[in-house]
**Q** 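My questions will all concern the structure given below.
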Protein chains: 2
Amino acid sequence: MKLPRRRPASPKKTAVGGSPEATRAALLQAATAVFVASGYEQARVRDIAERAGANVAAINYHFGSKEALYLEVLRRQASERIERYPLPDPAQSATPEAALQAALTMLLSRLLADDQRGFVPKLLMRELLAPSAALPAMVQDVIAPQFRQLSAVVTALLGPRADAATIQRCTFSLVSQCMFYLFARPLVQTLAPQTYDDGAVARLSAHIAQFSLGALRAQRELLERADA
Amino acid sequence: MKLPRRRPASPKKTAVGGSPEATRAALLQAATAVFVASGYEQARVRDIAERAGANVAAINYHFGSKEALYLEVLRRQASERIERYPLPDPAQSATPEAALQAALTMLLSRLLADDQRGFVPKLLMRELLAPSAALPAMVQDVIAPQFRQLSAVVTALLGPRADAATIQRCTFSLVSQCMFYLFARPLVQTLAPQTYDDGAVARLSAHIAQFSLGALRAQRELLERADA
DNA sequence: GACGGAATCAAACAATTGTTTGAAACAGTC
DNA sequence: GACTGTTTCAAACAATTGTTTGATTCCGTC
């Protein structure tokens, strides 16, 4: 009693559709979910195939290997999130202070937004914990641009006397406060359960901006007093 | 040509010693190294046994299973690190500023010190990524005390007008800057390779203290101006 | 409706995993 | 020196892994 498996939207397992492209897409979607849930090493190709309603061999047929599939998932998710949350143009902000606020909001949005189930942030966490061959590309594509952008804003706020090392450390201080709410979420939720309620991004970015603006102004005064 | 394997410090593979206790100890030490390097799932019992100069079966004989060995390693490492880096007494510091500096140094030490190969911090990362039943105990034993301590220091620096939420967020800002250098290490090393050179803890804690003291003073002024 | 390449499948494959086994070596006691 | 319980060992075990295979099904084309 075999029903036709191709075009007629086969009601087989999940939603393979029927065309080869549909299989590919289903595998990608299933792989994303499984990789996020288990990480690369713990993810099982059989889980992915089953979830996609496809055969195990389909993975190697369409992508070559488990690792190639992983890299493909990573590449797609990262670029998608990047274009969903474009970096704000610093020239559009009236003041460096406004630019900082805008940049922090976007950074936090990227890290905390729950659309797409937070794939990229979770994968980023996994990569940082157990770096794979994918991390360098991820740093270059996702992190470095944000870091450069923030560095420019910090440079504007610290004034002309700031050296490169100071700019770098201060930028780290900004990034760290944002990433903290991603990484330490289970911890923060234990200590302050209401933190991730509605409007979290706005609330947190406002605090981080206020905290950091005070720090950067003080740092600037310090630099200029030392230089004088 | 079998040489006597027991007491006479057998020069076999590594340093099993000879007695059953020595085998146990060697297994524990090797297991610690391997678990830290690879994590529980990726750690191979054969690696551990070889590193300890023991037979694979010795693990199951002495500890019952791979998981039991892991939990034993965990238990020992956690308690050891806690007593190695005791929290500084805030009453011993002359000023709140000095107390902040001392607390940050100790926090960073705990997170970055490479003795024992940073087992507990790495485990903390794994727990935050995939929380298990061990996390609550870990928060209670390792994190919460530091957080309370830092909160007290922050309260002193922010002055009497600070509300609980502000104190909490500012303390998070402090903790986040410290944890960042643990979590984002692969990232930081890409962007600023020299960061973890000798004296990292002193250098980083000095920056974080300076940055944050400026932020906290500004915050205090803000609070007092708004209240006045 | 037969041909042919693309796609899918169940099954087998080779490698690796944690664990168990049964014999051997050991130390202590009588 | 034989007995006993403990400890160690090489080897095998059972389960799981990613991958490959060879047959089969599909679909457009002639």
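All values reported here derive from a predicted model rather than from experimental measurement. Within every chain, numbering begins at 1; the chains are lettered A, B, ... in the order of the sequence lines, protein sequences first and strands thereafter. In what follows, every heavy atom counts, from backbone to side chain, and hydrogens, waters and symmetry copies are set aside.
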**Q** Please state whether the phosphate of dG18(D), meaning OP1 or OP2, lies under 4.0 angstrom from any side-chain nitrogen or oxygen of Asn60(A).
**A** no
**Q** Does dT8(C) have OP1 or OP2 sitting under 4.0 Å from an N or O in the side chain of His62(A)?
**A**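 Yes, because at least one side-chain N or O of His62(A) sits under 4.0 Å from OP1 or OP2 of dT8(C).
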**Q** Which label fits Phe35(A) and Tyr70(A): parallel for a plane angle under 30°, tilted from 30 to 60°, or perpendicular past 60°?
**A**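 Judged by the thresholds at 30° and 60°, the geometry between Phe35(A) and Tyr70(A) is perpendicular.
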**Q** Would you kindly give the CG-to-P distance between Leu27(B) and dT7(D), to the nearest whole Å?
**A**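 Between P of dT7(D) and CG of Leu27(B): 13 Å.
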**Q** What I'd like to find out is whether the side chain of Met179(A) reaches to under 4.5 Å of the side chain of Leu128(A), using heavy atoms alone.
**A** yes
**Q** Mind calculating the distance between CD (Gln42(A)) and P (dT17(D)) to the nearest angstrom?
**A**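 My rounded result for the distance is 9 Å.
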**Q** Which part of the nucleic acid, if any, lies within reach of Ala68(A) when heavy atoms closer than 4.0 Å are counted: base, sugar-phosphate only, or nothing?
**A** nothing
**Q** With heavy atoms under 4.0 Å as the rule, sort Ala57(B) into base, sugar-phosphate or nothing.
**A** base
**Q** In this structure, how many angstroms lie between the P atom of dT16(C) and the CD atom of Glu50(B), rounded?
**A** 14 Å
**Q** Classify the nucleic acid contact of Ala49(A) as base, sugar-phosphate or nothing, counting any heavy atom under 4.0 Å across all strands shown.
**A** nothing
**Q** Expressed as a whole number of angstroms, how long is the span from Ile48(B):CD1 to dT19(C):P?
**A** 10 Å
**Q** Phe211(A) vs Phe211(B) aromatic rings, parallel, tilted or perpendicular, using cut-offs 30° and 60°?
**A**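 Phe211(A) and Phe211(B): tilted rings.
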**Q** Which whole-number value in Å describes the distance from Phe63(A) CZ to dT19(D) P?
**A**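 Going from Phe63(A) (CZ) to dT19(D) (P), I get 13 Å.
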**Q** Reading DNA chain C from 5' onward, which residue's closest nucleotide shows up sooner: Arg24(A) or Glu41(B)?
**A**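 Between the two, 5'-proximity favours Arg24(A).
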**Q** Decide yes or no, distance alone: a donor-acceptor N/O pair under 3.5 angstrom between the base of dA10(C) and the side-chain of Asn55(A).
**A**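 By the distance-only test, yes, there is a pair.
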**Q** For Asp198(A), I'd like to know if atom CG has over 12 heavy atoms of other residues, nucleotides or ligands within 6.0 Å.
**A** no
**Q** Can you check the Lys66(A) NZ to dA15(C) P distance for me, whole Å?
**A** 18 Å
**Q** Can you list the steps and then say if Gln177(A) with Ser173(B) is a side-chain hydrogen bond (donor to acceptor under 3.5 Å, both in side chains)?
**A** CA-CA 6 Å; Gln177(A) 292 178 76; Ser173(B) 285; 2.7 Å; yes
**Q** Tell me whether the side-chain N or O atoms of Arg44(A) pair up with the base of dG18(D) as donor and acceptor below 3.5 Å, since no angle test is needed here.
**A** no
**Q** Rounded to whole angstrom units, what separation is found between the CZ atom of Arg46(A) and the P atom of dG18(D)?
**A** 7 Å
**Q** At under 4.0 Å, does any side-chain N or O of Ser65(B) touch on OP1 or OP2 of dG18(C)?
**A**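 Answer is no, no contact under 4.0 Å.
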**Q** Just the rounded figure in Å: distance from P of dT21(D) to CD1 of Ile59(A).
**A** 17 Å
